[in-house]
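Quick note: numbers below take in every heavy atom, side chains included, and nothing from hydrogens, waters or symmetry partners.
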Amino acid sequence: MHFPHLQSNPQNTLKIGKFDLSYKTTLKMLGREERFTHWSEIFKTIASVSPEMVSGLLPLMLKDTDSPIIADIEELMEQVKEQQQAQAQNQQLDQLQQMELQKMQSEILESEAKAKKYTAQGELAQKIAQQEDIDEGVDLR
């Protein structure tokens, strides 16, 4: 396709060798620091609204800022996560053990109560039998 009407105006033609571009070299550290500052502000904002999201955003921030310690931090975060899971499992196990102990204690109390009941019934039956023996002895005289 050819557009002759665009080339008719001298302002629309390209001039070879002249550009409006200017190049500036900057160290990558400056960009990393700016991104880090940006992420810090994001963390402050999110921490006040939803603090549980901050731990999930940390790996993203480290990747974005090209941090050389990202592998170490990810490993540390994984260890912390595993410790939290282990603690949760230990708490559940403790709760189950406590419930089992309470169940056993209630069974012991129930057994003791039944034993006392049967002992009392036996003593009552013995007294009744003794009273009947006495009553029969009285009738015979």
Taking a hydrophobic cluster as the set of Ile, Leu, Val, Met, Phe, Trp and Tyr residues connected by side-chain heavy atoms closer than 4.5 Å, whether directly or through intermediates, do [X] and [Y] fall within one such cluster?
X: M77; Y: I69; value: yes
X: V80; Y: V54; value: no
X: L96; Y: M104; value: no

At what distance, to the nearest 0.5 angstrom, does [atom1] of [X] lie from [atom2] of [Y]?
X: E74; Y: E78; atom1: CD; atom2: CD; answer: 9.5 Å
X: E75; Y: I73; atom1: CD; atom2: CD1; answer: 11.5 Å
X: L101; Y: K103; atom1: CG; atom2: NZ; answer: 12.0 Å
X: S55; Y: F43; atom1: OG; atom2: CZ; answer: 9.0 Å
X: K114; Y: Q121; atom1: NZ; atom2: CD; answer: 12.0 Å
X: M53; Y: I42; atom1: CE; atom2: CD1; answer: 10.5 Å

For this session: Please check if any side-chain donor atom of E52 sits under 3.5 Å from a side-chain acceptor atom of S50, or the reverse.
Result: yes

Exercise. Can you check whether Q97 reaches L93 side chain to side chain, under 4.5 Å on heavy atoms?
Worked result: yes

Problem set entry | salt_bridge(E123, K127) N-O dist < 4.0 Å | no

Exercise. Shortest non-hydrogen contact from L57 to W39?
Worked result: O-CZ3, 4.2 Å

For this session: State whether the side chain of T45 and the backbone N or O of E41 hold a donor-acceptor pair below 3.5 Å, judged by distance alone.
Result: yes

